[in-house]
Participant: 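Take a look at the following structure, please.
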Amino acid sequence: PLFRVSSRVDREGGINNKRRGITMSDQDEEGVALNGTERSHVIQKLAQDERNGGSMATITEGVEEPPNQNDRRHGRRISIAGGVVFHHYSSQNTLEGINDDNRKEEPSEDVAYRDAITLPQSTHTLLYTEKVLSIAYGFAVLIVGVSITCLALALADNLSGGTPGNPFNIPINVSPSVRAAQYFSLIVAVIMEEEIPTGLFLLRTIPKSSLENKLGTSYIKFVVSALFRLVIGYLFLFNVLLVIVQSERVLDMFYDMLALQFVSMIDDIAFRLAQLDILGKHLRNATSATCFLTEFERKPYLFRKKMTIFVKCIYSLNFLTLLGLVIHVGALQKNGHFQCSTVTVTFGEEIWEKAWVTTSDEDMVLVYSYFNGVYAKDGTHAGRPVYRELKKSEDEPFETRIGAELKYCEEESAWVFTHENIRKTHTSEESSCPWLLRSPDTIAYDLMDVSGEWEIWVGVINQKAKMSVTCNECNSDTECNLNGVCTDHKCVCTNPAYLSGSHCELETPCPRIISEIDGTVWSVVYAENCEHIHEYGSPVYSLIQSSNMTGVIPIDVNDRVSLVYSGSRWLEFQAVGGRNISLEKLQGLSSDYHAFWNEAYDIDTVAVSDPTTGSTPVGVDFYRIGERGVQHGPWGVLYPFQEPPGRGVFRCDTTTKVTEAELCKNQTMLR
């Protein structure tokens, strides 16, 4: 038969309603499969025939003919015979609607796509079909626990490694291929996730009375099982969202999603194994029980219609929420929200003795540590931040000079350090990025993620350059070395002993220092507002003059002597006869001072220290600069002041009880 009409009794609201259902065959009388159009035509005709009084007809190309006539369409016959096709009932009842005042008639079109409602073959179903103390029930609880635990552990792992400023550990940017894969993965994830729609579908369709009458089980257990499905589904979606926004490679994203999908399907896999009698007879019997073949009545049409709208809204809301979050994260990445705004760059002691500078007629000695200091984000290039050098006296852009840059070079596939006025040769460069330092090949979008040794140009390529980059932002007081508080991702130093450094890591400079070699006294140089004059984050010291002053280096009372930090070393300047000339004018210690461009190492430089990162020259070894020349290296011949080495030249003056306010007031030589 092409069709079979069944009847069942549904008790709702105390009224006995006879329900009608049609089961349709997939073949005609000659065993040839019907296509969708033929099935739809027949169903519509049956519904119409039922409403018109129960007469039966043969359908030929959509035209009614008398009963028991044959229709041959493309050599096939489709017939409807009363005794074979269905058992006819009175037309007082429609196929699926009940003509009472409490329920609306269901559209006949719903018949064409309605399937029998049966329980899904999953271990979740065992939570309400089996007794609580049974082995099958315990097995179902175990599988649910494993699924939720695995997804929860994955979620905890995805949330780890974040910071207060970036709690979800989102990369600062991703490649276009990863960006495209994010949206495709999102669509695939929503399609793969079936626990949420399945749970809502069961709650939407199976009424409480039908479930309890046919299974003799508690409806609460049924609802709890559906809720477990929702929990697992949303844990899956949360994990997928984090995987999508955290991944920096396409394959990593796909692999993680497949792993999450496997975890969410453990219930189906376990059910299938139990059916195959791999997990024991009890579980085989439970998973092969007749309850999985039981057909359940549907809930009233109006209720199902409202629930259908609700389920569609939930499904759409899930997708749109995930899509909106992915778009929002992408916009934040594009705007540089996750990029470090300022970094501190520290170069090693490499020196290029014959650097070609486009603004000079002569080659210059390039001490790379002269470019140590703070670099601030200044736009983007190739989807990555460009960091530009700031003033050495304060964290502000240069006013009259051009700062160096740290940026990504696509041609080199590396991060590079460059300056537009410094070139490796006088001729044209082979690369569009005239780099002075170059990182290993990388696609990293974050400069702090670059690992390995950089290459540096010192006339030839040196492949073991020393360089460190530190983000100046903080996320907690601990990152301020407990010497300050982290406010708006910046350290505000509060410990009087540590008031210097981007992370409050430098000791407060001693205002007066004494040379243990000749007893000379040096004082911090103050500006007119009584604040320290700083260069490269360290104060400038000046020798306090007195009559007939002598020492290791002969000093006249009319000379101006100062100590200025140059990025890694302290340099001692002696300006002969410069006592009445301001220190700023003598050494160019203006707001745009730069040790390289001001040529700090010149004829007036009489001493140099060992490399140091401290904020004062206390405890650092110094050397008198002797003969100079090509044969003596970039610093010349160095004669140590201290004996033995490591003793240091200066100590802090803690005996003289002079306040900084008094030192500033009495320092008239800067005025």
Side-chain angles (χ1 to χ4, degrees), residues 372-373 392-394 480-484 491-546 549 551-553 555 560-574 583-584 587 589 593 595 600 606-623 640-642 645-670:
N372 289 353
K392 305 307 175 184
S393 57
E394 56 183 337
C480 299
N481 293 289
L482 301 180
N483 294 321
C491 286
V492 178
C493 303
T494 57
N495 186 347
Y498 291 86
L499 295 176
S500 301
S502 59
H503 294 279
C504 305
E505 74 277 11
L506 300 178
E507 293 185 47
T508 302
C510 184
R512 282 167 59 99
I513 58 177
I514 299 176
S515 171
E516 294 190 340
I517 305 302
D518 53 19
T520 54
V521 180
W522 303 69
S523 173
V524 168
V525 178
Y526 296 90
E528 293 184 359
N529 58 2
C530 286
E531 291 186 356
H532 296 177
I533 294 179
H534 284 81
E535 299 296 346
Y536 291 88
S538 296
V540 177
Y541 287 87
S542 181
L543 178 66
I544 297 177
Q545 300 285 349
S546 63
M549 181 174 292
V552 176
I553 299 177
I555 301 174
R560 168 64 67 91
V561 184
S562 57
L563 288 173
V564 181
Y565 191 61
S566 61
S568 66
R569 297 174 184 263
W570 289 87
L571 302 179
E572 181 179 334
F573 301 109
Q574 182 179 354
L583 186 63
E584 292 94 332
Q587 301 298 336
L589 297 180
Y593 172 78
V606 296
V608 62
S609 77
D610 273 340
T612 179
T613 57
S615 57
T616 71
V618 173
V620 182
D621 287 357
F622 276 76
Y623 304 86
F641 282 153
Q642 58 286 317
R647 176 183 175 184
V649 172
F650 296 98
R651 61 178 173 84
C652 186
D653 181 10
T654 58
T655 59
T656 304
K657 304 300 182 182
V658 180
T659 64
E660 290 205 55
E662 293 174 330
L663 287 174
C664 176
K665 182 178 180 180
N666 296 331
Q667 199 177 85
T668 57
M669 56 183 174
L670 287 179

Participant: Which pair of heavy atoms, one from Ser515 and one from Trp522, lies closest together, and at what distance?
Facilitator: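 Nearest heavy atoms, Ser515 then Trp522: CB-NE1, 4.4 Å.
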Participant: With sequence neighbours left out, what residues match Tyr498 under side chain to side chain donor-acceptor pair (under 3.5 Å)?
Facilitator: none
Participant: If you take all heavy atoms of Pro539 and Ser615, which pair is closest and at what distance?
Facilitator: CD-O, 3.2 Å
Participant: How long is the straight-line distance from CD1 of Ile513 back to OG1 of Thr616, given to the nearest 0.5 Å?
Facilitator: 7.0 Å
Participant: Got a sec, which residues hit side chain to side chain donor-acceptor pair (under 3.5 Å) with Asn483, two or more places apart in sequence or on another chain?
Facilitator: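 Partners of Asn483 by the side chain to side chain donor-acceptor pair (under 3.5 Å) criterion, ordered by chain and then number, come out as Asn495.
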Participant: Donor-acceptor pair, distance only, cut-off 3.5 Å: does the side chain of Arg569 make one with the backbone of Ser609?
Facilitator: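 At least one qualifying donor-acceptor pair exists.
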Participant: For residues Val564 and Leu571, determine if any side-chain heavy atom of one lies less than 4.5 Å from a side-chain heavy atom of the other.
Facilitator: no
Participant: Can you confirm whether the thiol sulfurs of Cys504 and Cys480 sit closer than 2.5 Å?
Facilitator: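 Cys504 does not pair with Cys480 as a disulfide (SG atoms not under 2.5 Å apart), so no.
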Participant: Taking His534's backbone N and O only, do any of them form a donor-acceptor pair with Ser393's side chain (distance below 3.5 Å, no angle check)?
Facilitator: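 Checking the backbone N and O of His534 against the side chain of Ser393, no donor-acceptor pair under 3.5 Å is found.
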Participant: Write down the atom of Leu543, the atom of Val521, and the distance for their closest heavy-atom approach.
Facilitator: CD1-O, 3.4 Å
Participant: What heavy-atom pair brings Asn481 and Glu505 nearest, and what distance separates the two atoms?
Facilitator: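 Residues Asn481 and Glu505, closest heavy atoms: ND2-CB, 3.7 Å.
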Participant: Do side-chain atoms of Tyr565 reach the backbone of Gly567 as a donor and acceptor pair under 3.5 angstrom?
Facilitator: yes
Participant: Exactly one of Ser562, Pro617, Pro511, Ser523 should register a side-chain contact (heavy atoms from CB on, under 4.5 Å) with Tyr541. Which one does?
Facilitator: Pro617
Participant: Ring centres of Phe622 and Trp570 under 6.0 Å apart?
Facilitator: no
Participant: Any sub-3.5 Å donor-acceptor pair from Asp621's side-chain atoms to Gly646's backbone N or O?
Facilitator: yes
Participant: Yes or no on salt bridge (Lys or Arg N to Asp or Glu O under 4.0 Å) for Glu516 and Arg651, after CA distance, side-chain angles and deciding distance?
Facilitator: CA-CA 7 Å; Glu516 294 190 340; Arg651 61 178 173 84; 3.7 Å; yes
Participant: Output the distance between atom OG (Ser538) and atom CG (Leu506), rounded to the nearest 0.5 Å.
Facilitator: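 Ser538 OG to Leu506 CG: 6.5 Å, rounded to 0.5 Å.
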